[in-house]
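Here the structure comes first, spelled out in structure tokens, and everything after it is commentary.
The chain is numbered in sequence order, starting from 1.
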Amino acid sequence: MADNFDDEEIQHIVRIAGTDLEGKSQVLYSLTGLKGVNRRTARVLLHSAGIDPVKKMGHLSEDEVERLKDAVTRIESILPRWMLNRRRDVLTGEDRHIYGSDLPLVLREDLNMMKKTRSYRGIRHERGLKVRGQRTKSTGRRGAVVGVRHTKR
């Protein structure tokens with residue numbers, strides 16, 4: 001309840017990379033609202049921007065928000081190669097980190113390419129079956145009720 005007097009001057013929504021982020025939570029956790037940014041990635045971004053991770057997102061100054069936006073746009077040069085979520089891209093061969101609204105689009109393109117090339121994973125996706133090698137004899141059933149149907153006696 002110590003932060004109640006600060007609530008009048010808090011910015012409730014901070015917009016970064018086309019996403020509205022929660023202003024009441026800590027910057028570290030608020031950044032995870034961006035698709036493609038987890039806590040570890042957020043910590044690296046905040047360190048490079050020079051922002052305190054436990055500070056509330058809504059209490060950041062305009063300069064700090066701009067530094068954070070700049071860090072997010074330069075994410076590929078800030079993160080080490082092993083932290084990028086798209087290394088050796090299939091089409092271009094370069095290392096990228098995809099975040100925000102681009103992430104679902106890229107995943108959909110990958111699925112469509114797998115289906116088009118008729119790869120094993122693509123076929124499994126088409127048929128709605130398990131893709132990652134799970135067993136399907138007794139799990140992953142959908143639709144009709146599984147089990148024995150009893151008649152009234």
Report the distance from atom [atom1] of [X] to atom [atom2] of [Y], rounding to the nearest 0.5 Å.
| X | Y | atom1 | atom2 | result |
| --- | --- | --- | --- | --- |
| Asp89 | Arg87 | CG | CZ | 12.5 Å |
| Thr139 | Lys130 | OG1 | NZ | 5.0 Å |
| Arg40 | Leu28 | CZ | CG | 12.5 Å |

Shared hydrophobic cluster, [X] / [Y] (ILVMFWY, side-chain heavy atoms < 4.5 Å):
| X | Y | answer |
| --- | --- | --- |
| Leu31 | Leu103 | no |
| Met83 | Leu68 | yes |
| Ile10 | Leu60 | no |
| Leu107 | Tyr120 | no |
| Ile98 | Leu79 | no |

| said: Between Glu94 (side chain only) and Thr92 (backbone N and O only), is there a donor and an acceptor less than 3.5 Å apart? | reply: no

| query | Among pairs that include at least one residue of residues 109-119, which meet side-chain hydrogen bond (donor to acceptor under 3.5 Å, both in side chains), considering only residues two or more places apart or in two chains? | reply | Arg86-Asp110, Arg118-Glu126

| query | Looking at residues at least two apart in the chain, or sitting in another chain, which of them share a side-chain contact (heavy atoms from CB on, under 4.5 Å) with Arg88? | reply | Arg81, Asp95

| Non-neighbouring partners of Ser30 that pass side-chain contact (heavy atoms from CB on, under 4.5 Å), sequence neighbours left out | Leu21, Glu22, Ser25, Met57

| field | Listed partners of Glu64 passing salt bridge (Lys or Arg N to Asp or Glu O under 4.0 Å), at least two apart | value | Lys55

Contacts under 3.5 angstrom, residues 70-77 side chains, donor-acceptor by atom type, not counting sequence neighbours:
residue	atom	partner	partner atom	Å
Asp70	OD2	Arg74	NE	3.1
Thr73	OG1	Lys69	O	3.4
Thr73	OG1	Asp70	O	2.8
Glu76	OE2	His97	N	3.3
Ser77	OG	Arg74	O	2.8

| said: Check this for me: Glu62, atom CD, are more than 12 non-hydrogen atoms of other residues, nucleotides or ligands nearer than 6.0 Å? | reply: no

Check whether any side-chain heavy atom of [X] lies under 4.5 Å from a side-chain heavy atom of [Y], and answer yes or no.
| X | Y | result |
| --- | --- | --- |
| Met114 | Ile123 | no |
| Lys35 | Tyr99 | no |
| Val27 | Lys56 | no |
| Val14 | Asp20 | no |

| query | Can Leu84 and Arg96 be said to form a side-chain contact (heavy atoms from CB on, under 4.5 Å), step by step? | reply | CA-CA 6 Å; Leu84 299 177; Arg96 297 175 55 203; over 6 Å; no

Identify every side-chain donor-acceptor pair in residues 41-51 under 3.5 Å, counting partners at least two apart or on other chains, and give the distances.
residue	atom	partner	partner atom	Å
Thr41	OG1	Asn38	OD1	2.6
Ser48	OG	Leu45	O	2.8

